[in-house]
Number of protein chains: 2
Amino acid sequence: MTLQKLAKLAGVSVSTVSKAFSDSREISVETKEQILSLAKRHGCFEKYYKGKFGKQLVAVICPEIRGEFYADFAADLNDKIEERGGMMMLSVSGFSAEREEDLIRYYGSFGHADGIIFVSGSLRLKTEPNIPVVQIGGKYKTEKADYIDIDIASGIDQAVEYLKANGHRKIGYIGETLTASKHRLFCEAMRKNALRLEEAYMVNSKMRFQMAGFDAMKQLMEQKDRPTAVIAAYDYMAMGALRYTQEAGLSIPKDVSVIGMNNVSAAAYLDVPLTTIVSHPEELCETAVDLIFKKMDNQFYFARQDITLKSRLIVRDSVANLTGSSEPSRFCCF
Amino acid sequence: MTLQKLAKLAGVSVSTVSKAFSDSREISVETKEQILSLAKRHGCFEKYYKGKFGKQLVAVICPEIRGEFYADFAADLNDKIEERGGMMMLSVSGFSAEREEDLIRYYGSFGHADGIIFVSGSLRLKTEPNIPVVQIGGKYKTEKADYIDIDIASGIDQAVEYLKANGHRKIGYIGETLTASKHRLFCEAMRKNALRLEEAYMVNSKMRFQMAGFDAMKQLMEQKDRPTAVIAAYDYMAMGALRYTQEAGLSIPKDVSVIGMNNVSAAAYLDVPLTTIVSHPEELCETAVDLIFKKMDNQFYFARQDITLKSRLIVRDSVANLTGSSEPSRFCCF
DNA sequence: TTGAAAGCGCTACCAA
DNA sequence: TTGGTAGCGCTTTCAA
């Protein structure tokens, strides 16, 4: 269906039909409504009534969406975007830089989105995209977009310090293929605290989520000389680890202490409430959405921002105090 | 910037530039690359390299994304869509029919998507959209789109039967504002099983998620004459309810039995592993994606489908057997 | 307010 | 492989 054919059907000229779709003043209300309703009946209204959707379109590109952490993160972004009258479109990259490039190219191309929030990317942004981009976390920092970073390092540092203060020296780490950066930060935190890094105390599972936690914890606990505490790359892994200790007849925190990351909602509802590292996701989302709207509303707002948000430890019951003093040391929390 | 001007800059004709953007065979690789890189430098590459994204665009409209249930659902859809070479764009309606209408209009209009999967909608589809739509669940069944239904009723029936078989007669329900349909199904299941519906045993919290479960369970348990079992509208509510009983010094399942819905991953990792109702979301997503691709690939595939998938009970440890026989009655499971 | 006609931008075709 | 040209579809202008 073309405007010409529509004109024939309506018994008017092409120009008139064109005017109907462009909200021109050169047309009577009646003719306009007649033409538009005709177009709707023929299912081509949407095709020509372009651009009048009105809302600002913000594309969010996320490495994954499975599990509560990214879901809540996306929900926070969505809420903030809607508060400002925008609409979120979320796409998943599956941790693939190639796919991220595809998605940015797609959303960055004419008319598909007005701005992009790029979460935890594996891609280094090379070319300046032609719509505003705000990057949250991710492997590579960039000068091509505003950048908001989650300082996971500070959270892991706190966790290691906290364990040390509670008398732990043999501290292990469990992660998986996609959490290599946390593994690195763990090693740094151990060195900073002058604690001995034991290769055998660091296990990266080939599985994911709770299964990965179970698997890695099993490998760790079946050793002769066990660590007294374990930091897990995220809460779901800690949950799997807890499950393994249960089945193996080990008690937490008496036999091993466990610290997770993300403060997933279930963490507080477990058998033994989980001590965990949290990075303020709401605040992060708020900042990101503020930024992207500022840039979408004002195309001359080019000041590159570089914001870093700290993370911190939430102390619950999954860490034992080995120092002999009655209370666990809560030096750094809340 | 127009193709003409670009042609002038490149020192070639318009047709050549046009060919460069349309992946024509009538052009040499060198000329093509030269033109495209020129376009990139002028920031108009994206504008003309339209439609070559190649992937089928499937929009998913979801009432919410917070929490693991919808997130895993969306992740399943995403995986299936990617398996078939498509790309998912997810938008959230916040349970608002008006917003759903907006989103369908947006994605349905020219070029924004090739198909729509509409999950748990509050909107009754009135007009035939001009791209394929597959509806999953939702308040209103429609003849305007293919429809896949989750038969939650059968799961709730099973749960009530299972409780009855284990000697429970005083069965309560906890829900919230957005789970009215489950409340209705609970009432029907009770009637079907000739069990007495007690107004005081059904509480709908004004909160949401774990908080709602805590709140509703509190109201239920503070009564003099308590139910012996409670069905929660979803697992997060059951988790909140468990937390309340813990704090109130009640033991599960000795003092009250609890059944949840959705089989959220944490359900198996709780203090007392949760008996819950599950409706095969992977299967559901597979069916939905199969359908939408069939319709996108073949525009003459118009057979309206109407598929219903059953739900079932997963028995774990949160229900007590009041009949006196030693084993809980597992008549219907796995 | 309407429509004829000119204009613009892109694509398709075909000769070189 | 390239480019001239015709053609198509939409917008804008301007006369009626």
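First the proteins, then the strands, lettered A, B, ... as listed; each starts at 1.
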Check salt bridge (Lys or Arg N to Asp or Glu O under 4.0 Å) between A:Arg99 and all other residues, then give those that pass, not counting sequence neighbours. B:Glu82
Distance in angstrom units between [X] [atom1] and [N] [atom2], rounded:
X	N	atom1	atom2	value
A:Gln34	C:dT2	CD	C1'	13 Å
A:Arg25	D:dT11	CZ	P	17 Å
A:Lys19	C:dT2	NZ	P	8 Å
B:Phe21	C:dA12	CZ	C1'	18 Å
B:Glu33	D:dT1	CD	P	14 Å

Using only modelled atom types and a 3.5 angstrom limit, is any donor from either the side chain of B:Glu26 or the base of C:dC13 paired with an acceptor on the other? no
For nucleotides 6-9 of chain D, which of its nitrogen or oxygen atoms have a protein nitrogen or oxygen under 3.5 Å away, and what is each distance?
none

Once the angle between the rings of A:Tyr234 and A:Tyr236 is folded into 0 to 90°, is it parallel (under 30°), tilted (30 to 60°) or perpendicular (over 60°)? perpendicular
Applying side chain to side chain contact (heavy atoms under 4.5 Å, CB included) between A:Leu284 and each of A:Asp149, A:Ile150, A:Asp76, report the one that passes. A:Ile150
side-chain contact (heavy atoms from CB on, under 4.5 Å), that's the test. Do A:Asp151 and A:Leu309 meet it? Break it down for me. CA-CA 6 Å; A:Asp151 178 20; A:Leu309 290 170; over 6 Å; no
Verdict with supporting geometry, B:Tyr106 and A:Met89, side-chain contact (heavy atoms from CB on, under 4.5 Å): CA-CA 11 Å; B:Tyr106 174 74; A:Met89 303 176 289; 4.2 Å; yes
A:Thr31 side chain near C:dT2 phosphate (N/O to OP1/OP2, under 4.0 Å): yes
Answer with base, sugar-phosphate or nothing: what part of the nucleic acid does B:Ser28 contact at a heavy-atom distance below 4.0 Å? sugar-phosphate
Please list, in numerical order, the residues of residues 6-14 of chain A that have a heavy atom closer than 4.0 Å to any atom of DNA chain C. A:Val12, A:Ser13
What's the closest nucleotide to the B:Ser15 side chain, out of D:dG3, D:dT2, D:dT12? D:dG3
Using a 3.5 Å distance criterion without hydrogens, assess whether the side chain of B:Thr31 forms a donor-acceptor pair with backbone atoms of B:Ile27. no
List the steps, then state whether side-chain hydrogen bond (donor to acceptor under 3.5 Å, both in side chains) holds for B:Ser15 with B:Ser13. CA-CA 5 Å; B:Ser15 2; B:Ser13 75; 3.3 Å; yes
Could you go step by step and tell me if B:Ser96 and B:Ser93 meet the side-chain hydrogen bond (donor to acceptor under 3.5 Å, both in side chains) rule? CA-CA 6 Å; B:Ser96 146; B:Ser93 73; over 6 Å; no
